[in-house]
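All values derive from a computational prediction rather than experimental measurement. Chain letters run A, B, ... following the sequence lines, proteins first and then strands; every chain starts at 1.
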Amino acid sequence: MTLYMTAYIACEIYQGCNAHKCFAVVWVSADDLSLINQKLPKELILRIFSYLDVVSLCRCAQVSKAWNVLALDGSNWQRVNLFEFQTDIEGPVVANISKRCGGFLKALSLEGCKSVTDDALKVFAENCRNIEELNLDDCKSITDHTASSLSLYSKKLTILDLGSCTAISDQTLKSLSDGCPLLSQLNISWCDQISDNGIEALARGCKELKVLRCKGCVMLTDESLLHLGLHSPKLTVLNLQACVNISDDGMQHLARGCENLRLLCLSGCANLTDRTLISLSNHCHKLRTLEVSSCCQFSDSGFQALARTCSELRQMDLEECVLISDASLSHLAIGCPKLETLTLSHCELITDEGIRHIGTSACATEVLKVIELDNCPLITDASLEHLMGCHGLQRIELYDCQLITRAGIRRLQSQLPTVMVHAYFAPPTPPTSDGRQRPRYCRCCSIL
Amino acid sequence: MSHDFLAKRVVSDFSSTFRKYPRIDEFGLIYCLEPTINKSPVKVEGTKLGVETWCMKFVLPFIHRELLLQRRGKDEAILQQYSKVALLLSPECSTFWNIRKELLLRKQVSVISELKFTNIILTCHPKSPETFVHKRWILNHCCVSSTQDGCNDSNQNRFINSDHQLQTLIHSEIEGSRMAASRYPSNYNAWSHMIWTVKVLAGSSTEVLLSELSDTRHWVREHVSDHSGCHYRQFLLSQLGPENTLTEALGEEFRFVEELMVSYPGHEALWNHRRALYHLAVQRNKESSDHKSRGASDEGKPKMAKLQDTLSEYGGSTCCITPGGCQVHQQQLCVVDGTSQISLSALACLSLEKQRVHSIVRDTFSADQKIQEVCCKRYLEWLERFQT
């Protein structure tokens, strides 16, 4: 089915190239008598078509000659996502789409189209000069040539995804910095040939850069962070997951320069210590999301500093920060009143006392939505008691907390009926089969 | 809905366990109706993996549904993980095996690890026919494509490059099947997979046949009433090529079965085994006395070429008998290491066989004489019928 659809799109777009020439002819012969074409002006039909997806458009194009022209009009093809057909997309399809859509195309997703090559994207860049969003995630065949075509023609490019395009190197980033000054979001995750030179060029060239995701770019060092700190003050989202070679010094430069950071992911950067957290607390007060799982050198003093100034924090992932103890939790409870999601998986020193701090904190009663405590071996049913006041709680993870009992979970659920408790105890199937009926009157009445 | 989280968690537990303990070699079910403690149902003890059965009723429907939904999806990692767990728990679903085959063809899974995985499944489900079918599919796939030299080798899943690799592969296959055979009595699937391996993969080479003969000896001694082991040995003997090796092995086998019959009287499997041995002796004796030579010995050929031959002729299997020089061996009773070697004609001689059987009955412990005599009588009747 997919193959058929793709072949069909390719075929339609191929034919589309001739459609302009025979436009007049078609128009004359398109005097079909169907009511919709008589009642609705072509502009409105075109408008309706503009809401359809690729598949529906191609179906409409099969209805009649008039509809074929309207459905394949470039203005309907401003956003094209070929993810559904990814495995079948070959170079000529992209070339034909680009010819068909021309300057109308603003967003194209070729996510996972492994056989799309540099040549196809060159044709594309030449034809679609107004492209703003381009997703080439996992297009394994493309190399630095694609970026040089983009830098020549795509002056309006703002969002680019090159995740897992493992063949690209620093040259790609240099081309982008030369030709795409408006670039604000870039994903180069898992492109492990990228080094500090590329990031330096990018930081110098693309002043608008707001979002940078470079997971698993293992060659990056403190120098990259230095240049980002110097040249990219607008950076709000930065993902450095598994960039194992960065250290505290680099993070200090980064924090000093990028005070607008909202989301920062440092998971798996095991070299970092509390100094990083202190730098962040000194400069990045707008931080909302911090993911530091497996940063096993972070300790209570770092989180104490962080909690003192970063009061905007909403999401924190502290999985496997094995050094943190109840003290960290008490600091976070005091300093971060907006905390919604807290992940403490594998933090083996956490006890009921720490959870008590969270449960009695400012964030607890309304804001806290998700708390993950799996593999915290010291947690007991008392923790669940402490969390009973969290009325906003939606989900709590308790896998492998061996001191938690079935009765404890049941008590929590009776107190907070909407919360989803994830534990190895199978959840009860019907909630009312308890035999114990809820009292008809409310609790305050019973006191009276 | 909420069960799905649990099921998902258990599946991810499986995956992380496999990642953490790559040397897992056994899988089993731990029977328990309800969890007593908030702890993962996936357990590891040394290299043994176990799962508590209470989670099955959540996990199986979940995986089944997800796999069917995602089968055509693009997320191969998910397919890989889910199909693995699904097959561990219920290996009789061909759809899941087909998913594995597709992953293998797309090179998401390596041949070696997949064969290892099938062996793990066999530790829990030793009789699973689908598992053996999958094994043969893999071996056919990788061996056929890797032995077709010259043509389109760049495309094919070229995988066996050396004789050494083939040897390890044969060894692991036979080991896995033998383990399955000892876990389930009369495990036809396991034994026929062993036969297939010896015949197709090893090309019935003399070394493999002889080493197998000595390796299964212990198994037969431990399972005297399981005829499938005996049948396997009959197959091995019937495949033995050069006459002197066959005679030696056959004579040894006669002695072996005699010893077992005396120690374990009245086991029908042993007596049936003897029938087959005698039948083989008579047949080979006739063939060698006919002095028909067919073709040259296979000895000189390398194993890979031999494997290819066998693959091409598999189906209408033939075995080559090499006469020549055996006449001398037949006449004399040479002494090797103090044990007298019997000639093929002596083994096939009716009156000698009768004598030997009677001596078995004589040697049996007196309390068991009666049952042994019944078996013996039946055997003698069969001998008479066979002769005519």
Side-chain angles (χ1 to χ4, degrees), chain A residues 1-3 5 82-89 111-114 137-138 164 319-320 345-346 370 372-381 383-384 394-410 412-413 417-431, chain B residues 1-17 19-21 30-44 50-63 69-79 85 89 99 102-103 105-108 155:
Chain A
M1 184 59 197
T2 2
L3 192 65
M5 267 332 285
L82 298 177
F83 181 67
E84 295 286 311
F85 318 100
Q86 49 164 315
T87 47
D88 310 310
I89 295 290
E111 189 180 343
C113 303
K114 291 192 171 64
D137 189 54
D138 213 12
S164 305
E319 186 174 340
E320 276 193 84
S345 314
H346 293 276
V370 177
E372 299 185 0
L373 297 169
D374 46 298
N375 292 291
C376 297
L378 303 178
I379 296 286
T380 71
D381 287 346
S383 290
L384 301 186
Q394 292 167 357
R395 182 159 64 87
I396 175 165
E397 301 256 347
L398 296 168
Y399 292 114
D400 266 325
C401 302
Q402 294 178 28
L403 300 176
I404 296 282
T405 66
R406 201 190 283 271
I409 291 177
R410 211 170 285 155
L412 180 73
Q413 277 174 330
T418 52
V419 71
M420 300 242 274
V421 181
H422 290 179
Y424 282 118
F425 297 124
T429 9
Chain B
M1 254 320 272
S2 48
H3 294 171
D4 284 0
F5 288 105
L6 180 66
K8 216 176 203 166
R9 171 76 188 194
V10 173
V11 173
S12 79
D13 281 345
F14 265 108
S15 314
S16 61
T17 311
R19 220 173 315 125
K20 223 156 128 192
Y21 305 93
I30 305 165
Y31 291 94
C32 86
L33 281 176
E34 286 292 324
T36 50
I37 179 171
N38 183 17
K39 204 175 168 189
S40 173
V42 184
K43 315 263 182 200
V44 180
V51 63
E52 292 176 351
T53 44
W54 61 262
C55 69
M56 303 264 274
K57 59 175 181 269
F58 310 113
V59 176
L60 269 177
F62 167 76
I63 293 193
L69 277 177
Q70 306 218 5
R71 174 147 189 217
R72 298 281 165 236
K74 315 290 179 200
D75 198 341
E76 278 158 344
I78 289 270
L79 278 182
V85 179
L89 298 178
I99 292 175
E102 282 167 7
L103 288 170
L105 287 179
R106 276 183 264 160
K107 304 207 174 146
Q108 295 291 315
N155 251 339

Checklist line | Partner set under salt bridge (Lys or Arg N to Asp or Glu O under 4.0 Å) for B:R106, not counting sequence neighbours | finding: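 Checked B:R106 against salt bridge (Lys or Arg N to Asp or Glu O under 4.0 Å); matches are B:E76, B:E102.
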Can you tell me how far [atom2] of [Y] sits from [atom1] of [X], rounded to the nearest 0.5 angstrom?
X      : Y      : atom1 : atom2 : answer
B:I37  : A:F425 : CD1   : CZ    : 7.0 Å
B:S40  : A:D374 : OG    : CG    : 11.5 Å
A:D381 : B:N38  : CG    : CG    : 9.5 Å
B:F5   : A:R395 : CZ    : CZ    : 7.0 Å

Notebook entry, point to check: Does B:P35 offer a backbone N or O that forms a donor-acceptor pair with the side chain of A:R406 under 3.5 Å?
Noted result: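 At least one qualifying donor-acceptor pair exists.
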Notebook entry, point to check: Would the number of heavy atoms belonging to other residues, nucleotides or ligands and lying under 6.0 Å from CG of B:L33 be above 12?
Noted result: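 It does not: B:L33 CG has 12 such atoms or fewer within range.
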Next item on the list: Answer with side chain, backbone, both or neither: which region of A:L398 has an atom nearer than 4.5 Å to a non-hydrogen atom of chain B?
Entry: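 It is both, since atoms from each part get that close.
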Notebook entry, point to check: Below 4.5 Å, heavy atoms only, C-beta onward: do A:H422 and B:K8 meet side chain to side chain?
Noted result: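 Of all side-chain heavy-atom pairs linking B:K8 with A:H422, none is under 4.5 Å.
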Check: Do you know the tightest heavy-atom contact between B:K39 and A:Y424?
Finding: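 Shortest heavy-atom separation between B:K39 and A:Y424 comes out as C-CD1, 3.2 Å.
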